[in-house]
Structure formats: structure tokens, C-alpha cells
Amino acid sequence: MSVLEMLNSKQQEAAGQIEGPVLILAGAGSGKTRVLTNRTAYMIDEAGISPWNILAITFTNKAAGEMRERIDRLVGHGSESIWVATFHSTCVRILRRHVDLLGYDSNFTIYDTDDSKALMKDVLKRFQVDTKQYPEKMFLNRISNSKNELLTPEDEAKEAFGYADEQFVKVYREYQASLKKNNALDFDDLIMKTVELFTQFPEVLENYQNRFLYIMVDEYQDTNTAQFELIRLLADKNKNICVVGDDDQSIYKFRGANIRNILDFEKVYPNAKVIKLEQNYRSTQTILDAANSVISNNTSRKVKSLWTERGQGEKIRFLYTENAYDEAELIVDRICRDKREGKCEYRDNAVLYRTNAQSRLLEEKCIMAGIPYAVVGGVNFYSRKEIKDILAYLKTIDNGKDDLAVRRIINVPKRGIGATTIGKLADYGAANGLGFYECCVKAEEILGHGKAADKIAEFVSLIALFKSKLEFISLEQLVDDILDRTDYEEMLNESDPDDAAERMDNIGELINKIVSFEEQYDEPTLSDFLEEVALVSDIDNVDENADKVMLMTLHSAKGLEFPNVYLAGMEDGLFPGYMSICSDDPSEIEEERRLCYVGITRAMNKLIISAARSRMIRGETQCNAVSRFVKEIPDELIEGRTPGASASRRSDGDVSNSKQPRPVVKPVARPKTVAKPFIARATAFTDLKKGSDIASAATPDYGPGDRVSHMKFGAGTVISVEKGARDYEVSVDFDTAGTKKMFAAFAKLKKI
DNA sequence: TACTGGATTATTTTT
DNA sequence: TAATCCAGTA
């Protein structure tokens, strides 16, 4: 049987068209992954195309993994040589081979958002920019936008107008220079540098064009300009490009996604074959009608209308409660009831919300009701402090070239190495073109004899010890060793006993990942592990099989489906968000509406929409109107929408909440951040005022055994006086207050 | 050098 | 509310 026979006629058309440009407009739940996988199988098994010539690009590792698995099942052999990967890992693979052409070392590190932030902080400090007024986030956002649009600092310089723009260009340039010095690329660089590579070295591009004869891109509506260009270049020679997406599910504009990529596909490829998949295999007709009706309020979209053979199904249920506590309780109660009545398993339920902060109440109520749940997203696993610490150790051991990693752990757990010492080493490194770790190695030369240099030397030998062991022990043992020798657990216990256990659990989870990584590969190296880890996200790790209620944001829910979906917090100001309501750009509301469409279409059988009359947002209680999106659902599809919650339906069926007390959308005059001129005294480096500091640490006139008095602790006996990096550290055994350690300059001890 | 508390400030985030 | 950041203090 042909793999095409498993598809409906539209799907067949899409899967069977393998030559030339193809745009598949795949509505939610229309089986696009099925089309992509069967298409690939068809290419290999029936059209005789070599798997080696196929490239399939997705956005998440999870999607890539699923796709490969499904292709494997369809194709007997050879599927392993298909290149199925995310945009970012595709680019990493290419860059590892050719990045030297761009002046980077092939073992570059990948900076995540936190790393970028830390780096930006450094840059801004050097330029003496007031981060209160111009937070690093603002620069990073703007740089990210530039990179997504493939604009280099030089391109931006040409466009720059006015002081603020010039400052931005300066910061952008310096940020790039710092990245390069650290031999690091941030996420956006991965794409942009690959495009740069391809444009500057056509022979490299051609090499890949000859390999990737057939290209497929999933979630095409979420591509940004850089990704679009990457694909365009790769497909330029053969034009066998098939993109799949749904413009109605474009919800990442704020991250640079350009909805025009999908809307204008036919302009870029005039002979493109366009196929719409509108038959939905997921939801009931009621749910689809609601989704259709909400999304039809958007202009500029490719008109689609989802339909199903599944039948009408249940009406959508609207729940309106007094406050957010009641809302959470009501949702949890309903899930409990359904489960008790045997109507569902926990895993059949998902609660979706607009902001991560909303998960808290739901979690609390779940705990109270004793039902298992999993929160997806929020703080990314790999951005937890303890995980970052361990990874920083691993990065330092791996190559020590990542200054940020070294600086992160040089005093974690505390080893008495302070900001002054670190600053001196970093300054020396900057002045002499050395990496931070190299400076640590020659600390004594830089700092001179003393306690500070000794402490650094201790740290360096610790790292050296780990390095020397690296080739003899497994990564798992290495992490155990790190934990052991640094007394990491002890540090956690001391700093916060309450959550130490949870943090250790997380580290345990990291070790699990290491173990499974080591099992997966024949020769697992530390570098490979660090690379893999740099490119995974939270959603990649959701386990659908665990019997848990899923709590997540609407964004995280894209691509997933659940029998019962709860859309919580459907209030104007929360969803659509306050920012988009106030914006004078109507496309912002449209993006929120698409998000709503995504939410609705996650539901297979039952959709429950809820709102609260008042809720606490950022520490103050707000009363907001029911979301305008709820009102866009026709009456006949929804029940319980009249205000007054559980009361029976009102005669007029009006949705506009006449009873509601002041639908206050907070009239806070939060001024839009408009580019303002900078106030920066922009001299690159502050002069180092070394002399004065040392003078302040005068030798105390007391020594061990002397009696001294302290203004607060009274009389005591000096135990020891030690010279620190900056000041003398004095231990005193006070008669009444016990033993205290303090600094001579602060303690103002008087000899008696 | 290290800790604390007071001020500050908040969407969404596939990599 | 809650998390994070920095200045002041010992």
C-alpha cells in the first residue's frame, strides 16, 4: 500500500507534490505532521529519493524527535540519514564545520539568555550606561531584533539617527566584540552567522545546496527574517521547498517571527502550489465553530474554515467566579469530579493561561485537592541557579574559555574570593588580551603574594584536578565529584534549608540526563553534552504519559492537544493583555486573538472557559471585564455565559456584563518607552585608582591576645588578625557577644 | 568580603 | 505578590 493512501485527498495532494515550491496551509489539528512524515516516506520509498538529500527543519527538539520517530516507523531503513533538526541545531552543525571562515574557533560556546544578559551588563558597565534608565534588556531586545532582521552593527550605523541610535550601535558593536573574544555565539547569532557564512562563501552554500535537494520547514508562520533567508538560500538552487504552517497560529511576533513569510510565500515563489488543509481530526464541531468565529475577527489572514466529521459535541462551558481563588478551585473541582466519575484521567486535562504567574493559584489548589499536576515552562530547567552552577563547572572544566562560566563559579560555593579580586583579574585580562581563567592561572603574578592569590590558586588546582580526571571517569562520576569536593549540597543547606531538597532533586534530574546522554552515544564527550544542553527547552521534556494535569501558558500549548481544555483568566487586561489593549497598533490585539485561537483549538472534546470578576495582579486587586474574545463566540455554542455565575441563564443572553461593578481597566499612565537620548559619560575605561585603596587598609594597632572594645559588642580579646585582599580581617572573642569576624576598617576597634 | 533589608519592578519566550 | 537588585553595614 502506498503511504499516500493513509491520507485524505487534500493531504495526498500535499504529500505527493515533491517537486517545486509548496505551501501547505495546515489548520489546527489537520494532520500536518502526518502529511510531513508520509511525504518524506513517499519521497524515499516511492520516488526513490535518497534520505541523505532531505532536510526537515522544525522549531523544537521535541517536534524534530517526533518527526524522526514517525518517519522511522514508516520507512524501513535509511531514515537515520535524513537531516531532521531544529533551526538552531542545524546551524550549529554547519557552523562547527565552517565557522573558522568567519574568524571564530570551531569549539565556540553557545550563550543562552542569561549569559547574554551578563555579558551585556559588562558592556554597559564599560560604557558607563545607567542600567536603571536603560536596562540591559532593552539593548538585548534591540540587538535581537537587529539580528533577526540580519542587520549588523554596520548596517545599523548607516540607519542610525540621533544620539540614542549611535549609542545603540556602539553597544551592539561592543557586545559582538565581547562575544567574539569569548568565542561565543548567542542564539540569534547561530542563524545570522550561518546566513553570513552562506552569503560570504558561496562555495560553502553550494555544497549544502547540492546535499539538501528537498527541504521541508514546519511551523513556517513562526520563522523570522533570518530563518527565512537561511531557507531561501538553501533552496535557491533546486527550489524544492515545502513549508507547512498556519498563519492563524502565528504567536511569536514579539520574538521576531514575521507573519509575512507565510502570507507572501506565493510572491517569493510565484509558481508555488498552495494546498489548504481544513479538515480537522481533533476537535468537535462546536469547538471548531468557536475557533473559526473568534479568528474571523482578524483581518490580513488567509481565510480558512475548519470542519470535522466528528459531530457537534458538547457546548463550551463558561465559568465566572468572584475572584481568582474561586476560579482555580472551580477548575480543580471539576477535574476532580470528572476523574472521580471515571470520565477522564488526570492527563486528559490541561489548564491554559496567558501569564506564568497564574500557575501559582492553580498549583496551590491542585496540592490541596491532592491531584497530580505538572507545570510546563515558567523557569526553564536549565536556567535554575543550581543547574547553571553545575553546568558552569562543567564548562570551566571543558575548556575554561567561557569567562562567564568561570566567573560564575569561582566563588560558588564561597571560597572568599570577592569582587575586588575578580575585578583585578578581569581588568588584567581585558588589558592583556587574556581569558579570565588564564588570568586565574597566573593570579600570583597579577595580584602578588597574599591571601587572594592563594584562594585563586586553590580554585585553579581544583579545576585542574577535575580536568585530569576527565578522561578516566564518566561524566556522571565527574558531577558527583564536583558536588563532593565543593560541598555544594552543604552550601544549599546553609543558604536556604527550605528549598535545598528541591534543588538537589533538580541536580539529580540533571544527573539523570547525563546518564541517559552517556547511554545514548558511543563516545559521549563533555563538549557534546554541553552543546546538547544548550539547545533544549522545557517543552522538550514534557512527558505526556505521566498521569498529571498539565498547567501551561497558551504559548507552550501550541502543537499539543488534550481531551479537556480549560482556558483560565479570560479577562480583558489579562487576555488580551493590558499592553495590547493600550497599543495603538491593532495587530497586537490580532496576535492575542491568534493566541486565543491556538488555545481553543487545543481542545478535543471539552472546552471550559473561565474568568474572575477580580483578581490580584502584581500585588493589587483589579476588576476586569470578561475577555472580548469570549464575546466573539456565538451564543449557541456556549453555556453559562451570563454574569452571576451559577445562576440560571438570563433571558436576554447578553454578554456585556451589565451587572459588573466598574470594569476597571487600570488607567495607569505608563508612558510608552520612546527612544530618549542617552546620558552617558562615554569614556571607555575608568582610570584605575589603585593607590588610594591600599592606603585605606592601614595596619591595625592591635594584635592577637590584645584586649579591644567595640562600640556595639563591648570588650573582647583579639584571636587573630589576617591580611585580606583589601583589608585586615580580625577575629575577636567578645565577652558577651561571642566570637565575631570583622574587617578592621569597619569594626573601628579600640585597644584597651 | 558577605549579608541584609529596602527599593524596584513586572506578558508571552520553540532556541 | 514575589523575585531580584543594590546600597549600606559589620
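Labels below follow one simple rule: chain letters A, B, ... track the order of the sequence lines, proteins then strands, and each chain is numbered from 1.
Between A/T58 and B/dT14, a side-chain N or O to OP1/OP2 separation shorter than 4.0 Å is absent. A close approach under 4.0 Å does occur between a side-chain nitrogen or oxygen of A/T421 and OP1 or OP2 of B/dT1. Listed pair A/T113 / B/dT13 fails the phosphate criterion, with no side-chain N or O lying under 4.0 Å from OP1 or OP2. The phosphate of B/dT1 has OP1 or OP2 within less than 4.0 Å of a side-chain N or O from A/T420. Of the side-chain N and O atoms in A/N356, one or more sit less than 4.0 angstrom from OP1 or OP2 of B/dT12. In terms of phosphate contacts, A/N224 brings no side-chain nitrogen or oxygen within less than 4.0 Å of OP1 or OP2 of B/dT14.
Among residue pairs with one or both ends in residues 592-601 of chain A, those qualifying as side-chain hydrogen bond (donor to acceptor under 3.5 Å, both in side chains) are A/N298-A/R593, A/R354-A/E592, A/E591-A/R594, A/R593-A/E632; sequence neighbours excluded.
Atom-to-atom, OH of A/Y353 to P of B/dT11 comes out at 15 Å; the value is rounded to the nearest Å. Rounded to an integer number of Å, the gap from CZ of A/R593 to C1' of B/dT12 is 17 Å. The CD atom of A/Q358 sits 18 Å away from the P atom of B/dA10 (whole-angstrom rounding). Rounded to an integer number of Å, the gap from OH of A/Y252 to P of B/dT12 is 11 Å. Taking atom CG of residue A/L535 and atom C1' of nucleotide B/dT13, one finds them 15 Å apart after rounding to whole Å. Rounded to a whole Å, the CG atom of A/L140 is 18 Å from the P atom of B/dT13. Rounded to a whole Å, the CD1 atom of A/I422 is 9 Å from the P atom of B/dA2. Rounded to a whole Å, the NZ atom of A/K125 is 13 Å from the P atom of C/dC5.
Annotation: cation-pi geometry not satisfied between A/K193 and A/F108 (NZ/CZ under 6.0 angstrom from ring centroid, within 45° of ring axis).
With respect to the salt-bridge test (charged N to carboxylate O, under 4.0 angstrom), the residues A/R415 and A/E458 do not qualify. Residues A/K365 and A/E327 are not paired through a salt bridge, judged by the lack of any N-O separation under 4.0 Å between the basic side chain and the carboxylate.
When heavy atoms are screened at a 4.0 angstrom cut-off, A/G577 is found touching no nucleic acid atom at all. A/D222 comes within 4.0 angstrom of a base, heavy atoms only. Counting non-hydrogen atoms under 4.0 angstrom, A/D112 reaches nothing in the nucleic acid. Looking at heavy-atom distances under 4.0 Å, A/A534 makes no contact with the nucleic acid at all.
Listed by chain and residue number, A/K388 satisfy the salt bridge (Lys or Arg N to Asp or Glu O under 4.0 Å) test with A/D114 (two or more places apart in sequence, or in another chain). When the salt bridge (Lys or Arg N to Asp or Glu O under 4.0 Å) test is applied to A/E66, the partners found at least two apart in sequence or on another chain are A/K62. Scanning for salt bridge (Lys or Arg N to Asp or Glu O under 4.0 Å) contacts around A/E149 gives an empty result, with sequence neighbours left out.
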Every protein N/O within reach of nucleotides 3-8 of chain B N/O, cut-off under 3.5 Å:
| residue | atom | partner | partner atom | Å |
| --- | --- | --- | --- | --- |
| B/dC3 | OP2 | A/K414 | NZ | 3.4 |

Report each atom pair, protein N/O against N/O of nucleotides 1-4 of chain C, whose distance is under 3.5 angstrom.
| residue | atom | partner | partner atom | Å |
| --- | --- | --- | --- | --- |
| C/dA2 | OP1 | A/R360 | NE | 3.2 |
| C/dA2 | OP1 | A/R360 | NH1 | 3.1 |
| C/dA2 | OP1 | A/R360 | NH2 | 3.0 |

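Between the side chain of A/S250 and the backbone N or O of A/D247 there is no donor-acceptor pair closer than 3.5 Å. Side-chain atoms of A/E588 never come within 3.5 Å of backbone atoms of A/D585 as a donor-acceptor pair (strictly under, hydrogens ignored).
Under the 30°/60° scheme for interplanar angles, the aromatic rings of A/F575 and A/F629 are found to stand perpendicular.
The A/K558 side chain lies nearest to B/dT14 when the options are B/dT13, B/dT14, C/dC5.
Distance check on atom P: C/dT4 versus B/dT13 gives 16 Å, rounded to whole Å.
In this structure, A/N411 and A/R255 both approach DNA chain B, and ranking their closest nucleotides by distance from the 5' end singles out A/N411. Two residues, A/E588 and A/F59, neighbour DNA chain B, and the one matched to the more 5' nucleotide by heavy-atom proximity is A/E588.
Of the listed residues (A/D188, A/N224, A/T113, A/D186), just one forms a side-chain hydrogen bond (donor to acceptor under 3.5 Å, both in side chains) with A/S144, and that residue is A/D188.
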